[in-house]
Every structure is written in structure tokens, then in C-alpha cells.
S.K.: 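Pasting in a structure now, in C-alpha cells, and then I'll have a few things to ask.
All figures in this text were calculated on a predicted structure; none of them were measured in a lab.
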Amino acid sequence: MSRTVVITGATSGFGKACAQRFAGDGCHLILVGRRTQRLQELKQELDGSLNIHLLTLDVRDRDAVFKAFENLPEPFAAVDLLVNNAGLALGLEPSWKTDPNDWETMIDTNIKGVTHCTRALLPGMVERNHGMIVNIGSVAGNWPYPGGNVYGATKAFVQQFSRNLRCDLLGKNIRVTNIEPGMAETEFSLNRFKGDAERAAKVYAGMQPLTSVDIAEAVHWVSSLPPHVNVNTLELMATNQAWSPFAISRENQ
């Protein structure tokens, strides 16, 4: 029987690539995004199949999330897999120079969006004693960098939330995985720098970053393992990305 898969942030990047990957398996797809036109274009690209349900939805809006998932039509009502992908980074300024609105948007999207979607769909999984949640975290949740401040903190939340879900679900046939990508060339940097394409391009200059397809393959792999196998955390980096030495300031003695 075909799986029913919810993918948030499906209109671009990792989410779009995941939709394409799972469509290849003939899954019933519930594609969630804020941009209706992009959702419709993606559905058309995937042959406009009848097994695709579109939800124009802002995951920051708890009431809208709960209402949408409570009213899923058949045959989409029994969700097997939730891919909590919607998220973003805004700005790279030091913490005393950031726009507080950017911080709030990241917290509302990266933290509240994940918790809203999880809380809306998890009771059904528990009732059926079947399901899986894949959260898209980041290496920024493990390793700090200048300007990462609140973005990194939100992804650290996703990591710890994923771990605590595993504890809550002990004894249930429900799996939880946190995927933690490193540098990946999507609209991520374009959004972070608010449309500055030149600045965004410099992030990936001279190296081969991860791609959306790479992450979609990782999501597909962890969710296709036998039901008794749970990958708790999967951290991925491009071969040309690694950790830096400790930063030391020698000007403030």
C-alpha cells in the first residue's frame, strides 16, 4: 500500500526535492507551502497526479495547521510520514545588530512550525501505532559560527525536540529522525540575504556544496529502512566542508 507523506516547505529546496523523490514511489503526497502558485506548478510538474493534495498554509499559524490536518480528505487522512522541512535563516549579523523581527520569524518558523505540525499529526500516528517524523535540522544546531546566533539555536531545539520525541514514543512503532545538512545550495542563502543574489552566490563559490537532491535521498533512505531501524541523527556535509580551528582574538588583551 502506498505511503501518505506530508512535506512542509514543499515549494522549493529540500521540500521540493523530497516531493519529487517520494512521487517516484507513487506515494500519496500532502504538499504544504505558503505560495499557492508554486504548489500548483509543482503538482503539474509531478504530472498533476490525483494522489497529491495541496495545502496553502503558514506553519507558524497553529490554528490553521490544526484545522488543515484535521480535515484531510481520504485517502490522505492516515499520514505515514511527516517531513518537517519548512524553515529559514535570516541575516548573518552579530547578535547586537540583528533585526529582532528576523529572530522572531526564525523562532516562529523553525521551532513553532515544527511543533505545530508534529502535535497536529502525532496523535493519529499513535492511535494507529505507525508512522515516522523526519525533522530537517542543521549542522548549525551542533556547531556555532559567527552570525548563526538564533538560527543555530532554533536548530539545536529541533535536535533536542527530536530526541525527546524518541523518548516519549518508546514502545510505539513510530520513528523519529533528525537530518542535519551542512552547506547546501538552495534558496537558503538567497532568503538569508533577502534577495541579494550576488552575496548568496559567494557562499558557495569555489566549492561543491550539497544539493537538494542529496538531502531528499537522505530523507528517503532513513524513511525506507525496516520499521525496527531508527536513525536518530544523520549529519551530512559536503566533502569540501569541515570544522574550523578555535577562533582566538588577540586584539583584546
S.K.: Just so I know, are the side chains of Arg192 and Val203 near enough to count as touching, which here means a heavy-atom distance under 4.5 Å?
M.R.: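 No, side chains not in contact.
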S.K.: Can you find a pair of side-chain heavy atoms, one from Val6 and one from Phe69, that are under 4.5 Å apart?
M.R.: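 Side chain of Val6 against side chain of Phe69, heavy atoms only: contact under 4.5 Å found.
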S.K.: Pair Gln44, Gln40 - check side-chain hydrogen bond (donor to acceptor under 3.5 Å, both in side chains), show working.
M.R.: CA-CA 6 Å; Gln44 181 128 19; Gln40 292 171 341; over 6 Å; no
S.K.: Would Phe22 and His220 count as a ring pair (Phe, Tyr, Trp, His ring centres under 6.0 Å) here? Give the steps.
M.R.: CA-CA 7 Å; Phe22 284 101; His220 185 270; 5.3 Å; yes
S.K.: Are Val229 and Met132 linked, directly or through intermediate hydrophobic residues, by side-chain heavy-atom contacts shorter than 4.5 Å (ILVMFWY only)?
M.R.: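 Same cluster.
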S.K.: Are Ser138 and Gln159 packed together at the side-chain level, in the sense that at least one heavy-atom pair is separated by less than 4.5 angstrom?
M.R.: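 Ser138 does not reach Gln159 side chain to side chain.
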S.K.: Going hydrophobic residue to hydrophobic residue with side-chain gaps under 4.5 angstrom, can you get from Val231 over to Val139?
M.R.: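 No, no single cluster joins them.
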S.K.: Would you say Leu121 ends up clustered with Ile174 if hydrophobic residues are merged whenever their side chains have heavy atoms under 4.5 Å apart, either directly or through other cluster members?
M.R.: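 Cluster IDs for Ile174 and Leu121 match.
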S.K.: Quick check: do Asn149 and Trp103 have side-chain heavy atoms less than 4.5 Å from each other?
M.R.: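 Asn149 vs Trp103: side chains touch.
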S.K.: Do Thr105 and Asp108 have side-chain N/O donor and acceptor atoms under 3.5 Å apart?
M.R.: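 No, no side-chain donor-acceptor pair sits under 3.5 Å.
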S.K.: With no hydrogens and no angle check, do the side chains of Thr36 and Thr56 hold a donor and an acceptor under 3.5 Å apart?
M.R.: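 Their side chains do contain a donor-acceptor pair, which is all the 3.5 Å distance test asks for.
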S.K.: Which of parallel (below 30°), tilted (30 to 60°) and perpendicular (above 60°) describes Trp243 and Trp143?
M.R.: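 Judged by the thresholds at 30° and 60°, the geometry between Trp243 and Trp143 is perpendicular.
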S.K.: Check this for me, if you would: do Asp61 and Arg34 make a salt bridge, where the nitrogen-to-carboxylate-oxygen distance has to be below 4.0 angstrom?
M.R.: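 The answer is no: the pair does not qualify as a salt bridge.
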S.K.: Looking at Asn85 and Thr8, would you say the former's side chain and the latter's main chain have a donor-acceptor pair under 3.5 Å?
M.R.: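 Yes.
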S.K.: Taking C-beta and beyond as the side chain, do Leu72 and His53 meet within less than 4.5 Å on heavy atoms?
M.R.: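 Yes. Closest side-chain heavy atoms under 4.5 Å.
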S.K.: On the six-membered ring of Phe161, is Arg166 placed so that its NZ or CZ lies under 6.0 angstrom from the centre and within 45° of the ring axis?
M.R.: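 Negative - Arg166 is either too far from the ring of Phe161 or too far off its axis.
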S.K.: Flag the pair Asp168 and Lys172 as a salt bridge only when some basic side-chain nitrogen lies within less than 4.0 angstrom of an acidic carboxylate oxygen.
M.R.: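 A salt bridge is absent here (no side-chain N lies under 4.0 Å from a carboxylate O).
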S.K.: Please step through side-chain contact (heavy atoms from CB on, under 4.5 Å) for the pair Leu122 and Leu165, ending with a clear verdict.
M.R.: CA-CA 10 Å; Leu122 190 55; Leu165 284 174; 4.1 Å; yes
S.K.: Would you call Glu180-Lys155 a salt bridge at under 4.0 Å N-O?
M.R.: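 Between Lys155 and Glu180 there is no salt bridge, as every charged N stays at least 4.0 Å from the carboxylate O atoms.
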S.K.: Report yes or no: does Asp99 contribute a side-chain atom to a donor-acceptor pair with the main-chain N or O of Asn101 at less than 3.5 Å?
M.R.: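 It does hold such a pair.
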S.K.: Using the rule that Ile, Leu, Val, Met, Phe, Trp and Tyr join whenever any side-chain heavy atoms are under 4.5 Å apart, tell me whether Val213 and Met183 fall into a single cluster.
M.R.: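 Val213 does not cluster with Met183.
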S.K.: Testing the 3.5 Å rule here: is there a donor-acceptor pair between the side chains of Asn135 and Thr177?
M.R.: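 Result is no, nothing qualifies.
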S.K.: Working to the nearest 0.5 Å, report the span between CE of Met106 and OG1 of Thr154.
M.R.: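 Separation between the atoms: 7.0 Å.
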